[in-house]
Amino acid sequence: PVEGTLAVGAGLLRAGPGAAPIALRALSAGLTYTPEAQRLRLEQIALESPALSLGGSAQIYLRDLAQSGAPQTLLVQLALDWLELREAGLVAAPVRFEGGALDARIRLDPFTATIGQAALFEGETALRGAGEVAAGPGGWQVALDGHADTLSAPRLLALWPEGPRPGLRALLSARITGGEITRLQAALRRAPGAPARFSVMHRFEGARFAPGLGLPEIAQGAGYAVFD
């Protein structure tokens with residue numbers, strides 16, 4: 001095996017000529033490459049960017065090698081020790097998860113990341129998802145689907161993206177003060193040159209919310225909600 005250290009400073013990651021670059025503040029990891037298995041092992045990953053930061057480890061298998069020896073496909077298995085989201089257009093305030101995992105196939109030209117399964121954990125709450133992110137000549141194309149068995153209403157609102165429906169998160173946060181979300185299904189779609197679309201379906205129980213218009217607060221509400 002070949003061992004070394006990866007250290008990358010601030011800069012921009014470009015996945016394709018038409019896709020907006022991704023800002024990076026720092027990335028470091030210890031690495032071990034096993035040529036026989038075409039496997040790259042990353043330990044003590046530390047990534048910092050304006051949108052998120054994370055720590056963890058990963059195994060990356062190099063596949064579809066070109067004559068130059070460069071891989072055309074990466075099979076990624078990522079184990080997260082922690083992750084913090086702080087993208088202004090995604091979350092209202094930084095949101096931290098205690099751990100997570102991701103399995104993905106990444107084709108490098110054109111860049112296409114197919115996420116077979118992903119999970120983020122916080123206590124007994126698990127958010128799971130899958131989908132695809134691609135960099136095309138017209139920009140980023142995103143198709144992500146997520147689900148959770150149970151989630152508190154305040155936690156869902158903390159994760160509610162602001163971009164697709166400006167102002168809706170603030171309105172819901174002012175009206176909803178408690179409750180349990182179950183059978184959550186969410187989807188995010190974004191096509192080049194078009195606004196992002198976000199949809200959510202879920203059941204709720206024990207909800208407390210103020211309908212406004214001088215009406216009294218409703219407690220122990222239960223039902224089904226769809227946002228599209």
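This one's a predicted model, so the numbers in the text were calculated from it and none came from an experiment.
Hydrophobic clustering (side-chain heavy atoms under 4.5 Å, transitive across Ile, Leu, Val, Met, Phe, Trp, Tyr) groups Phe111 together with Leu144.
Of all the heavy atoms in Ile176 and Ala153, the pair that sits closest is CG2-CB, 4.1 Å. A pairwise comparison of heavy atoms in Gly16 and Ala135 identifies N-CB, 4.4 Å as the closest pair. Nearest heavy-atom pair, Thr150 versus Thr125, reported as atom, atom and distance to 0.1 Å: O-CG2, 3.8 Å. When all heavy atoms are compared, the tightest approach of Arg25 to Ser49 is NH1-O, 3.8 Å. Between Asp81 and Gly56, the shortest heavy-atom contact is OD2-CA, 3.6 Å. Across all their heavy atoms, Tyr33 and Arg39 have their closest contact at CD1-O, 3.1 Å.
Connectivity analysis of hydrophobic side chains (ILVMFWY, heavy atoms under 4.5 Å, direct or indirect) links Tyr61 to Leu75.
Contact annotation: the side chain of Val142 never approaches that of Arg197 to less than 4.5 Å [non-hydrogen atoms, C-beta and beyond]. Counting only heavy atoms from C-beta outward, the side chains of Leu184 and His147 never approach each other to under 4.5 Å. Arg190 places none of its side-chain heavy atoms less than 4.5 Å from the side chain of Leu188. Residues Leu108 and Gln72 have side chains not in contact (no heavy-atom distance under 4.5 Å, counting atoms from C-beta outward). Contact check for Arg128 versus Gln117: no side-chain heavy atoms found under the 4.5 Å cut-off. Between Ile45 and Leu6, the closest side-chain pair of non-hydrogen atoms is not below 4.5 Å. Here the side chains of Leu74 and Leu62 are in contact, with some heavy-atom distance below 4.5 Å.
Atom-to-atom distance recorded for Leu54:CG and Phe97:CZ is 12.5 Å, nearest 0.5 angstrom. In this structure, CD on Glu84 lies 8.0 Å from CD on Glu48, to the nearest 0.5 angstrom. In this structure, OG1 on Thr73 lies 9.0 Å from CG on Leu65, to the nearest 0.5 angstrom. Rounding to the nearest 0.5 angstrom, the gap separating the CG atom in Leu85 from the CG atom in Leu120 is 7.0 Å.
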Requested in this report: Run the numbers on Ile60 and Ile106 for side chain to side chain contact (heavy atoms under 4.5 Å, CB included), then give the verdict.
Outcome: CA-CA 10 Å; Ile60 303 174; Ile106 300 176; over 6 Å; no
Query raised in the report: Taking it one step at a time, do Leu40 and Leu31 satisfy side chain to side chain contact (heavy atoms under 4.5 Å, CB included)?
Result: CA-CA 7 Å; Leu40 184 64; Leu31 58 86; 4.2 Å; yes
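In summary, the side chains of Thr182 and Glu205 do not present any donor paired with an acceptor at a separation below 3.5 Å, with no hydrogens or angles considered. With no hydrogens or angles considered, no side-chain donor-acceptor pair links Ser57 and Glu43 at under 3.5 Å.
Residues passing the side chain to side chain donor-acceptor pair (under 3.5 Å) test with Ser53 are Arg86, sequence neighbours excluded.
Under a cut-off of 6.0 angstrom, the local environment of CZ in Arg14 is sparse, with at most 12 non-hydrogen atoms contributed by other residues, nucleotides or ligands. More than 12 non-hydrogen atoms from other residues, nucleotides or ligands lie less than 6.0 angstrom from CG of Asp64. Around CZ of Arg155, the count of heavy atoms belonging to other residues, nucleotides or ligands within 6.0 Å exceeds 12. Surrounding CZ of Arg183 are at most 12 heavy atoms belonging to other residues, nucleotides or ligands under 6.0 Å away. At most 12 heavy atoms of other shown residues, nucleotides or ligands fall within 6.0 angstrom of atom CD in Gln44.
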